[in-house]
2 protein chains.
Amino acid sequence: MDYETVLRAAGLRITRQRRTILAILAEDDDHPDALALYRRASRIDPSISLSTVYRTMKVLEEKGAIQRHTFEGGPARFEQAGGRHHDHLIDIETGEVVEFRSDRIERLQEMIAEELGYEIVSHRLELYGRRRKAD
Amino acid sequence: MDYETVLRAAGLRITRQRRTILAILAEDDDHPDALALYRRASRIDPSISLSTVYRTMKVLEEKGAIQRHTFEGGPARFEQAGGRHHDHLIDIETGEVVEFRSDRIERLQEMIAEELGYEIVSHRLELYGRRRKAD
DNA sequence: TTTTGCATTGCAAATCATTTGCAAAGAAGC
DNA sequence: GCTTCTTTGCAAATGATTTGCAATGCAAAA
């Protein structure tokens, strides 16, 4: 939540651009890609560069402060970490992302990995769909 | 299975390079990326080019003859289609891919999408893990 | 505070995976 | 064997992301 804390805890310096980027990520609750983030940040701080957005995303991802998702056929999109784990449903028409979670699926995944002799380190479940017409 | 049929059915010409690529995809049951495919094909037909591998993958994917997977942080990997639907478990140490399927997960996905007001067009479920030490 | 040292930035150029323009070579139907 | 339309190899283009480098800016120490 408090990005200053996040940054400090990660041993990172608090810079104007990082503040700006993190503020955007905290306020907007969608899943912007680097370019979108860059454009939004530019409105607040016109001197910010796309490289910095990418670099910031990379560092913050390593520190676990944000999550990177690469949905089918598109650039990476980001969201701030910290919330509960969830998976994603992507509206293939609009690109909108809906979050959901299912403990049952989660458990089944564990069982499957177990059966196959593996230990799950991470996973990704994405549903791609279109809004059902309410008729 | 019979790639000549696949190609002909798709209205595509049967060329030496397509034959070669499809033969490799049919024989090897792993999930090679374009470069690996190119290297294997080169051993059989040294004149083949990487562009052709990419082009062939693209056409065949459109025709539904192969499937493209983009696992985390890596180039696209391919497998011939036709088998039953399945998901993937990727060994993060070796890159090896294990296929699995779960009707229960499949059904839960449907339910979730339904609840969210969406119709699933496709989905992807990937487990990333490491082999459990048998101790 | 001022100083100092290392982190961070902006810019341009590099990289990686993949696609594409184009002229030459090759299928397929006649 | 022609003719036509497809496919190929090559090189150059593309899109997303990363990186080298010199300049700038934090932050800890003085």
Side-chain angles (χ1 to χ4, degrees), chain A residues 3-24 31-63 65-78 95, chain B residues 3-24 31-63 65-78 95:
Chain A
Y3 36 85
E4 302 232 350
T5 310
V6 171
L7 289 172
R8 222 177 282 280
L12 297 172
R13 291 191 176 168
I14 297 165
T15 65
R16 182 170 31 86
Q17 23 283 87
R18 299 224 259 233
R19 235 196 292 266
T20 304
I21 293 170
L22 282 176
I24 292 170
H31 299 65
D33 60 28
L35 196 60
L37 218 36
Y38 166 65
R39 280 201 263 258
R40 295 181 200 175
S42 295
R43 237 176 288 136
I44 300 169
D45 171 3
S47 81
I48 210 165
S49 81
L50 184 53
S51 307
T52 293
V53 173
Y54 274 113
R55 262 190 289 236
T56 301
M57 297 291 79
K58 177 168 252 229
V59 169
L60 292 181
E61 190 192 4
E62 281 160 6
K63 301 301 182 186
I66 63 152
Q67 277 190 259
R68 169 194 307 260
H69 304 294
T70 30
F71 301 132
E72 305 250 79
R77 298 172 64 173
F78 310 90
Chain B
Y3 36 86
E4 303 233 348
T5 309
V6 172
L7 289 171
R8 222 177 282 280
L12 297 172
R13 291 191 177 170
I14 297 165
T15 65
R16 182 169 32 83
Q17 23 283 82
R18 285 181 181 161
R19 235 197 292 266
T20 304
I21 293 170
L22 283 176
I24 292 170
H31 300 65
D33 60 27
L35 196 60
L37 218 38
Y38 167 66
R39 279 203 263 258
R40 293 179 201 176
S42 295
R43 239 178 284 134
I44 300 168
D45 172 4
S47 81
I48 210 166
S49 82
L50 183 55
S51 306
T52 293
V53 172
Y54 274 112
R55 261 191 288 238
T56 301
M57 297 291 83
K58 178 169 250 227
V59 169
L60 292 181
E61 189 191 5
E62 281 161 6
K63 301 300 180 183
I66 62 154
Q67 278 190 258
R68 169 192 307 258
H69 305 295
T70 26
F71 302 132
E72 305 250 79
R77 296 172 65 174
F78 310 91

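As the structure is a computational prediction, the values presented were derived from the model and not from experiment. To find a chain, count down the sequence lines: A is the first, B the second, and so on, and within it residues start at 1.
- Side-chain contact between A:Met57 and A:Val53: present, with at least one pair of heavy atoms (C-beta onward) separated by less than 4.5 Å.
- Rounded to whole Å, the distance from CD1 on A:Ile48 to P on D:dT24 is 18 Å.
- Annotation: of the two residues near DNA chain C, B:Ala76 and B:Ile14, the 5′-most nearest-nucleotide partner is B:Ala76.
- Comparing A:Leu12 and B:Ala34 against DNA chain C, the residue whose closest nucleotide sits nearer the 5' end is A:Leu12.
- In this entry the distance linking CG of B:Leu60 with C1' of C:dT19 reads 16 Å, nearest Å.
- Between B:Gln17 and B:Thr56, every side-chain heavy-atom pair lies at or beyond the 4.5 Å cut-off.
- Within the 4.0 angstrom heavy-atom criterion, no nucleotide atom of any strand lies near B:Leu35.
- Residue B:Tyr38 contributes atom OH, which lies 15 Å from atom P of C:dA17 at whole-angstrom precision.
- Protein atom OH of A:Tyr54 is 16 Å distant from nucleotide atom P of C:dT9, rounded to whole Å.
- The B:Thr52 side chain lies nearest to D:dG9 when the options are D:dG9, C:dT18, C:dC11.
- Within the 4.0 Å cut-off from OP1 or OP2 of D:dA11, not a single side-chain nitrogen or oxygen of B:Ser51 is found.
- In this entry the distance linking CZ of A:Arg13 with C1' of C:dT4 reads 11 Å, nearest Å.
- Between B:Thr20 and B:Thr15, the closest side-chain pair of non-hydrogen atoms is not below 4.5 Å.
- One can find a donor-acceptor pair under 3.5 Å joining the base of D:dG20 and the side-chain atoms of A:Arg55.
- Side chain of A:Pro75, nearest nucleotide from C:dT18, D:dG9, D:dT17: D:dT17.
- The side chain of B:Arg18 approaches D:dT7 more closely than any other nucleotide in the set D:dT7, D:dG25, C:dT19.
- In this structure the side chain of A:Arg19 never reaches within 4.5 angstrom of the side chain of A:Leu7, judged on heavy atoms.
- In this structure, A:Arg68 atom CZ and D:dA16 atom P are separated by 14 Å, rounded to whole Å.
- In this model, the phosphate group of D:dT8 is approached by a side-chain N or O of B:Thr15 to a distance below 4.0 Å at OP1 or OP2.
- Atom CG in A:Leu50 sits about 15 Å away from atom C1' in C:dA14, given to the nearest Å.
- Shown here for B:Glu61 and B:Arg68, the closest heavy-atom pair between the two residues is OE1-NE, 2.8 Å.
- The nearest whole Å value for the distance from the CZ atom in B:Arg16 to the P atom in D:dG9 is 7 Å.
- Dashed line: the shortest gap from a side-chain N or O of B:Gln17 to OP1 or OP2 of C:dG26 is not under 4.0 Å.
- Residue A:Arg8 has its side chain nearest to D:dA27 when only C:dC11, D:dA27, D:dA11 are considered.
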